[in-house]
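The structure under discussion appears below in the form of structure tokens.
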Amino acid sequence: MSDYRIGTKCVQGGYTPGNGEPRQIPIVQSTTFKYSTSEDMGKLFDLEAEGYFYTRLQNPTNDYVAAKIAEMEGGTAAMLTSSGQAANFFAMFNICQAGDHMVASSSIYGGTYNLIAVTMAKMGISVTFVSPDATEEELNAAFQPNTKLMFGETIANPALTVLDIELFAKVAHAHGVPLIVDNTFPTPVNCRPIEWGADIVTHSTTKYMDGHGAAVGGAIVDGGKFDWMAYADKYPGLCTPDDSYHGVVYAERFGKEGAFITKCTTQLMRDLGSIQSPQNAFYLNLGLESLHVRMPRHVENGQAVAEFLENHPKVAYVNYSGLKSSKYYERAQKYLPNGGCGVVSFGLKGGREAASIFMRELKLGAIETHVADARTCCLNPATSTHRQMTDEQLIEAGVPAELIRISLGLEDKEDLIADISRALDAIK
Ligand SMILES: *Cc1c(COP(=O)(O)O)cnc(C)c1O
């Protein structure tokens, strides 16, 4: 599959049925798997043979879909998780532990920010947040001897900043640590971070990959290039025997290509059990089959609405990296030449009150705490998710009172613009 283009991988990657086997990926709705002898099963436990024994760790449906995502991202191995939160947590916790430190972009999804700043802090893992626009010098200054990874989002949710992946990867590698990139918003259709030097890629598959608002899920992909053994003292979990798994040394047994995902499956999935259900993996695959057809339409609608808003007298500003006026336009041209995604944010001159009227008047754009599916939806953080904050606190959090985030779906852009135009007219 590796020679095929992205669209072909979306449709046919990961699963090649044999003679007389199901054409569609089968849903293996079974918690467990049968063996003839204990010796057969023992080989699985010793990681000497490949196979399935319990769906908390691995399931064939998930593995077909994960293999497709690995091919799409240009990685060597992948796994599915129950959510995007689980994907980011597992990707980080697989290589750091109490006493370790990470460097993360400050412009990331709120849930991931809390995961790192609150929950992982309680586990003894510390963080230095950096601006996604930091210089090489500033990034270097954030590193400590105990830093184990660097993290950022290709296009941040909801700030829509664009990450300089090449620069982040260069700095991470200069310090002998991998770069983990959450590639949820552009998806591998619009950006493949591994090609720009990222080592691990994560996804909330809940968003465009599923694309229909049907199933919560996540994915982790390993680029297979980071040389763990070259930094064996930093990554004892990968480079020294795992006593909880019959003394296996993951980096030796599975090499650069397989060590990360194998450890993440056999240790973290085993102990923390956050696997995606095979049924959800099946839905996810249905979404993946049309991802390359849907993403250009999301981008087309995002671009059209962003341009319309930018020229509207009631709109104060628009954030969308496809606009020439965007601070991220140049960077987006480099990393996202076919466009980024269908999420746009903008501010109304009339502030909080205008935002509330606009949202009430919209007919096609439903009010939801969701983004990136087939139906257009929008959110005014100040009157919903962030309503406990004062106007000053909202500005500090990067979500001023007038800010509206709108996720353009797959509808006809003429209808979307007419709906938005009418709602803007209702503001007096
Ligand atoms: C939604 C989201 C997450 C969290 O994903 P869930 O599937 O909701 O757990 C992580 N990162 C980004 C960029 C997101 O948009």
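Ligands are counted one by one from 1 in listed order, and the atoms in each one are counted from 1 as well.
- A salt bridge does not link R375 with E368: none of the charged nitrogens is closer than 4.0 Å to a carboxylate oxygen.
- Counting only residues at least two apart or on different chains, the side-chain hydrogen bond (donor to acceptor under 3.5 Å, both in side chains) pairs with a member in residues 184-193 are D182-T184, R192-E195.
- For ligand 1, the atoms closer than 4.0 angstrom to any heavy atom of N157 are 14 (C), 15 (O).
- Within the listing of ligand 1, atoms 7 (O) sit less than 4.0 angstrom from a heavy atom of G217.
- Atoms of ligand 1 lying under 4.0 Å from at least one heavy atom of Q85, given by number and element, are 4 (C), 5 (O), 6 (P), 9 (O).
- Here the OH atom belonging to Y335 is positioned 13.0 Å from the CD1 atom belonging to I155, to the nearest 0.5 angstrom.
- Counting protein heavy atoms only, atom 12 (C) of ligand 1 is closest to D182 OD2, 3.5 Å.
- The nearest protein atom to atom 6 (P) of ligand 1, hydrogens excluded, is given as G84 N, 3.3 Å; this is a heavy-atom distance.
- With hydrogens left out, the protein atom closest to atom 7 (O) of ligand 1 is T206 OG1, 2.6 Å, a heavy atom.
- Between R297 and D412 there is a salt bridge, with a side-chain nitrogen of the basic residue lying less than 4.0 Å from a carboxylate oxygen of the acidic one.
- Near K207, with a cut-off below 4.0 Å to any heavy atom, the atoms of ligand 1 are 1 (C), 2 (C), 3 (C), 14 (C), 15 (O).
- K263 has no carboxylate O lying under 4.0 Å from a charged side-chain N of D222, or vice versa, which leaves the two without a salt bridge.
- Near E153, the atoms of ligand 1 lying under 4.0 angstrom from a non-hydrogen atom of the residue are 13 (C).
- Counting heavy atoms from C-beta outward, V299 and N338 have side chains that stay 4.5 Å or more apart.
- Scanning the protein heavy atoms around atom 8 (O) of ligand 1, the nearest turns out to be S204 OG, 4.1 Å.
- A parallel orientation is assigned to the rings of Y113 and F129, their planes being inclined by less than 30° (bins at 30° and 60°).
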